Amino acid sequence: MEEKKLDLNSIIGMLLIVGIFFWMMYQNKPSEAQLAAEKAKKELVAKEAQAKAVSAKQIVAPTAAVVAGDSTQLAQLQKTLGGFAYSATLPSAKNDITTIENDYVLLKIANKGGYIVEATLKNFEKFKKKSGQLVSLIKDNNADLNIQLQTNDNRVLNTKDLYFEPTLTKVGADQILSMKLKAGANEFLEYKYILKPNDYMVGFDVRSQGLNKVLNTAKPMDLQWNMKTFRTEKSISYENRYTLLNYEHGDEKFSNVNDGNNKEESLEKVSYVAFKQHFFSSILLTNTPFAKADLKSNKLVVDEKVDTIFVKQFNANMPLAFTNGEVDYKMNWYFGPSDYQTLKSYDKHLEKIIPLGWGIFGWINKFIFIPLFGFLTGGISYGIAIIIFTILIKIAMSPITYKSFLSQAKMKVLRPDITELGEKYKKDPMKKQQETMKLYSKAGVNPMAGCIPALIQIPFMYASFQFFPSAFELRQKSFLWADDLSSFDSVYKLPFHVPLYGDHISLFPILAAIAIFFYMKMTSGDQQMAAPQQEGMPDMAKMMKYMIYISPIMMLIFFNSYGAGLSLYNFISNLITIGIMFVIKNYIVDSDKIHAQIQENKAKEPKKPGKFQQRLQEAMEQAEAQKAKKK
């Protein structure tokens with residue numbers, strides 16, 4: 001019996017697939033040194049925040065004293081706040097809150113600072129369904145908005161420490177909240193919030209009136225937006241992976257600040273800044289692009305057992321330019337789900353924050369996966385939708401699978417002839433390659449035909465790795481034992497933590513690993529029989545035996561903490577592939593017929609080789625001539 005071997009083309013395809021898989025899994029994995037650095041810098045950030053808190057308290061003390069109306073205290077306050085001491089004399093100079101809400105969001109705006117101190121999404125719950133805890137993107141001082149004011153008398157004031165005067169009105173169904181930081185009866189800096197019914201988008205205008213005598217208008221004002229993003233999902237490690245600071249700048253160019261510790265970007269002409277969590281986002285948009293934006297991202301999750309409240313620290317600093325001595329910016333806030341269709345409906349390129357992959361991977365997701373899955377999820381279980389979705393994708397890819405298997409079958413028929421050539425020219429590898437190429441040409445067999453179909457399937461595989469973790473529709477949707485298809489489907493909680501694996505056992509990755517094992521067991525024999533071992537190559541037959549076991553283990557390790565929807569897709573995908581290969585092998589591809597056709601082709605005049613084969617043959621002939629000349 002002939003020893004089973006693996007042909008070079010299948011090896012290339014397999015190594016490419018494994019290489020891409022490792023790249024996807026390890027591209028964001030931090031080193032031990034990075035983790036230690038992150039922990040040290042995190043402690044430094046905490047100390048800086050504490051120092052800022054002390055500084056803020058020192059500013060608040062004289063402001064609160066104005067309520068008594070003492071002229072002496074007012075005079076002292078004017079020395080501190082200058083013209084803006086007027087704001088502290090108003091009845092609104094106290095820690096009151098104004099609430100505006102619709103059916104989607106609830107916003108609370110504080111008199112002190114005039115910014116949103118709570119943004120709660122009414123229709124979504126944290127961690128798991130029926131947890132009773134609504135998703136709050138802003139709450140308990142995790143975020144602030146500040147404009148740094150430079151006065152004509154060389155003071156530097158922060159709006160977050162000053163009191164605004166609220167005025168709430170309605171225009172039709174729209175709620176309009178005007179927050180004014182006053183330097184006089186008709187001199188003020190205004191934040192205007194406009195909330196429409198059934199909308200996640202909030203109008204946000206920033207303008208000044210009559211402040212050209214109070215403020216130094218030679219330099220722009222700095223708008224500072226800071227946020228520590230709350231954890232909202234079951235797996236903080238999974239949420240951390242997809243929480244990023246995104247932005248659009250220039251001519252609709254989109255990117256994000258690199259993930260890591262204290263990563264920074266400085267940009268020009270920024271049209272929006274997005275603090276994107278895994279499934280929710282806080283986005284600041286402007287009609288007049290910011291001339292510049294300094295952005296900073298910092299990871300807060302170093303130890304997943306301890307760091308369980310916050311995921312990332314985001315900071316954005318944008319200048320607001322004066323025009324004719326005044327500031328006037330039309331902006332918007334978005335507080336809502338990171339859902340592709342919802343974001344796209346605003347026609348402001350916000351859907352770009354969804355990580356669908358670059359190039360062809362993104363096109364597959366945008367034009368195939370998203371429309372198809374959206375169509376299937378109407379009225380049926382999301383788990384069933386994933387199964388139907390997978391079946392349709394695999395059926396569409398079955399002609400490629402067929403081409404790949406057919407190529408393997410042809411190479412298997414030619415194996416005795418290739419073995420014979422190997423024995424005949426074993427002392428002359430160059431001659432062996434030339435004669436092998438001639439044999440392929442004469443038999444009408446393309447040795448690359450088995451590799452190319454495998455390469456075609458890679459973009460669809462990678463696209464699925466991007467699509468399912470980003471599919472907001474799967475969040476808190478149950479199927480069988482999985483209570484949330486967007487997170488891991490834990491069936492048993494371990495009493496200890498296993499490195500790389502976690503502290504739980506997920507069942508869908510186990511099923512996917514079993515399916516991969518049987519698929520590789522089923523196909524590896526045919527692949528190894530397709531062609532003899534190449535000269536100078538390692539014994540790939542033995543390596544393939546190891547891969548049969550390594551691949552399922554990799555699936556178990558890396559997918560244990562991934563979303564159940566992705567594991568379900570991989571399980572069904574491999575199961576269907578096994579079925580398709582079984583049908584092709586036993587009912588479609590006739591090995592005897594292929595053998596007869598090849599023998600008939602060999603009896604005919606050899607076909608003209610393709611350009612690639614011709615160039616390869618010419619290169620080998622030139623090398624052979626050079627070798628003979630040297631001898």
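Only a predicted model underlies this, so the values are computations on that prediction, with no experimental measurement involved. Side chains are part of it too, since the values below use all heavy atoms of this structure and drop only hydrogens, waters and symmetry mates.
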| When Asp483 is tested against each of Lys129, Lys128, Lys130, Lys234 for salt bridge (Lys or Arg N to Asp or Glu O under 4.0 Å), which residue passes? |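 Testing Asp483 for a salt bridge (Lys or Arg N to Asp or Glu O under 4.0 Å) against Lys129, Lys128, Lys130, Lys234 leaves exactly one candidate, Lys234.
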Assign the ring pair [X] / [Y] to parallel, tilted or perpendicular, where the plane angle (0 to 90°) is split at 30° and 60°.
| X | Y | value |
| --- | --- | --- |
| Phe389 | Phe373 | perpendicular |
| Tyr562 | Tyr238 | tilted |
| Phe204 | Trp333 | tilted |
| Tyr569 | Phe468 | tilted |
| Phe508 | Phe479 | parallel |

| task | Please assess Val273 against Phe275 for the test side-chain contact (heavy atoms from CB on, under 4.5 Å), listing each intermediate value before the final yes or no. | result | CA-CA 7 Å; Val273 176; Phe275 294 170; 3.8 Å; yes
With a 4.0 Å cut-off, would you call [X] and [Y] a salt bridge?
| X | Y | answer |
| --- | --- | --- |
| Glu248 | Lys253 | no |
| Asp205 | Lys330 | yes |
| Glu265 | Lys296 | no |

| request: Could you go through the side chain to side chain donor-acceptor pair (under 3.5 Å) check for Ser136 and Thr120 one step at a time? | output: CA-CA 4 Å; Ser136 291; Thr120 298; 2.8 Å; yes
| query | Glu233 side chain to Phe279 main-chain N or O, any donor-acceptor pair under 3.5 Å? | reply |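 Between the backbone of Phe279 and the side chain of Glu233 there is no qualifying donor-acceptor contact (under 3.5 Å).
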